Protein chains: 2
Amino acid sequence: MAFPKLSKLELQIMEVLWNNGPTAIRDIQESFGPKGRPAYTTVQTMVYRLETKKALRRARKIGNAHIFEAVISRDAAKARLVDEFLSMFGGRMQPVMAQLIEAGNLSSADVADAEKLLRDLAAKKKKEA
Amino acid sequence: MAFPKLSKLELQIMEVLWNNGPTAIRDIQESFGPKGRPAYTTVQTMVYRLETKKALRRARKIGNAHIFEAVISRDAAKARLVDEFLSMFGGRMQPVMAQLIEAGNLSSADVADAEKLLRDLAAKKKKEA
DNA sequence: GCTACGCTCTTACCGTTGTAGTAGGACGCG
DNA sequence: CGCGTCCTACTACAACGGTAAGAGCGTAGC
């Protein structure tokens with residue numbers, strides 16, 4: 001399949017690769033901040049699983065350490081997440097928007113941004129039609 | 001904890017209770033539509049698990065069949081879902097909105113609804129400040 | 001009253017996720 | 001060259017979610 005499902009921790013690992021570019025396991029693990037981070041081998045296991053899922057690959061070696069890089073794009077992953085989420089709401093968009101807008105702690109700036117996006121989208125839809 | 005995490009299938013079951021009020025397992029199962037629905041005992045297992053999670057309870061019996069009713073409200077469950085989802089995006093609201101608006105297949109009506117919600121929210125925020 | 005059908009309860013199994021230990025190879029420093 | 005450190009690769013395991021089979025009991029209808 002083109003697109004594997006990623007769990008929360010897997011996503012956090014991908015996030016590091018998306019932000020930092022190719023990274024060694026040790027650096028991924030340390031990027032979790034000193035407290036409450038998972039053990040080195042935990043991160044390692046997740047990275048290996050991401051590898052079999054083809055979400056990342058071994059780019060090269062430095063010394064005996066592998067350097068991993070993302071294969072899947074951040075946008076693709078997030079689109080997948082959105083789909084997943086939508087399906088929880090029966091696939092209907094409107095209640096999701098409503099819930100997000102009401103329950104999420106939106107700042108005024110967030111609201112303004114969202115409005116702009118919606119206006120742009122509305123305009124685009126009009127043109128298409 | 002006050003609020004258990006519900007999986008997809010668990011949510012679908014709760015959905016039936018929220019829509020229909022107190023319901024027997026057989027009716028929950030049948031509400032999944034004749035094709036591709038899970039076996040009776042599968043639904044039953046999920047219902048039992050929801051019971052131990054205190055998401056629903058046995059309301060009464062009809063003959064020897066239990067009738068179950070929701071304990072958790074739909075809004076509470078969906079709020080929980082939204083939180084869960086947000087945490088996947090690092091808790092920041094804006095990118096989530098952006099992703100949803102761009103990637104979700106919004107109808108024109110959805111867009112209009114969302115805009116209205118946002119306008120109301122903006123107005124409310126102004127008044128608060 | 002007996003029988004059959006439906007419901008309950010119990011038990012089980014597999015895949016995924018998160019967690020980590022351990023054994024052994026490689027590398028670099030003194 | 002030898003020792004410690006670091007990384008790899010493998011293995012393990014528990015919780016959870018989805019799936020369901022099997023045994024047994026109650027009720028309703030004949």
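Lettering of chains follows the sequences in order, A, B, ..., and the numbering in each one begins at 1. Quick caveat, the model's predicted, so the values are computed rather than measured.
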Visitor: Rounded to the nearest angstrom, tell me the gap between atom CD in Glu51(A) and atom P in dC10(D).
Guide: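 Rounding to the nearest Å, CD of Glu51(A) and P of dC10(D) are 11 Å apart.
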Visitor: Please give, in whole Å, the distance from dC27(C) P to Asn64(A) CG?
Guide: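 Taking CG of Asn64(A) and P of dC27(C), I get 6 Å after rounding.
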Visitor: Compare every heavy atom of Pro4(B) with every heavy atom of Arg80(B), then report the nearest pair and how far apart it is.
Guide: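 Minimum heavy-atom separation between Arg80(B) and Pro4(B): NH2-C, 3.9 Å.
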Visitor: How close or far is atom C1' of dC7(D) from atom NZ of Lys61(A), stated in whole angstroms?
Guide: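 The distance from NZ of Lys61(A) to C1' of dC7(D) comes to 9 Å, rounded to the nearest Å.
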Visitor: At under 4.0 Å between heavy atoms, how does the protein contact nucleotides 14-23 of chain C? Give one character per nucleotide, 5' to 3', with B, S or -.
Guide: ---BBBBBB-
Visitor: Tell me the interatomic distance from Ile28(B), atom CD1, to dG18(D), atom C1', rounded to whole angstroms.
Guide: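 Taking atom C1' of dG18(D) as the reference, CD1 of Ile28(B) is at 16 Å.
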Visitor: If every non-hydrogen atom of Phe32(A) is compared with every non-hydrogen atom of Ile13(A), which pair is closest and at what distance?
Guide: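 So the two residues come closest at CZ-CG1, 4.2 Å.
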Visitor: Backbone N or O of Leu17(B) within a donor-acceptor pair of the Glu69(B) side chain at under 3.5 Å?
Guide: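 Not confirmed, Glu69(B) side chain does not pair with Leu17(B) backbone.
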Visitor: Nearest whole angstrom, please: distance from the C1' of dT10(C) to the CD1 of Ile25(B).
Guide: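 So the CD1-C1' distance, Ile25(B) to dT10(C), works out to 14 Å.
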Visitor: Does a nitrogen or oxygen in the side chain of Tyr48(B) sit under 4.0 Å from OP1 or OP2 of dC9(C)?
Guide: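 True: Tyr48(B) side-chain N/O within range (under 4.0 Å) of dC9(C) OP1/OP2.
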Visitor: Once the angle between the rings of Tyr48(A) and Phe68(A) is folded into 0 to 90°, is it parallel (under 30°), tilted (30 to 60°) or perpendicular (over 60°)?
Guide: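 The arrangement is tilted - the two ring planes meet at 30° to 60°.
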Visitor: How close or far is atom P of dC9(C) from atom CG of Leu50(B), stated in whole angstroms?
Guide: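 It is 15 Å, rounded to the nearest whole Å.
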Visitor: Nearest whole angstrom, please: distance from the P of dC6(D) to the CG of Asp27(A).
Guide: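 Value for this atom pair: 13 Å.
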Visitor: Check whether any side-chain N or O of Ser73(B) sits under 3.5 Å from a backbone N or O of Val71(B) as a donor-acceptor pair, and report yes or no.
Guide: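 No, the answer is negative, given that no donor and acceptor are paired below the 3.5 Å cut-off.
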Visitor: So Gln29(B) and Arg37(B), side-chain contact (heavy atoms from CB on, under 4.5 Å) or not? Walk me through it.
Guide: CA-CA 7 Å; Gln29(B) 191 229 351; Arg37(B) 79 180 138 201; 3.5 Å; yes
Visitor: Please report, rounded to the nearest Å, how far the P atom of dC7(C) is from the CZ atom of Arg26(B).
Guide: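 The answer, rounded to whole Å, is 5 Å.
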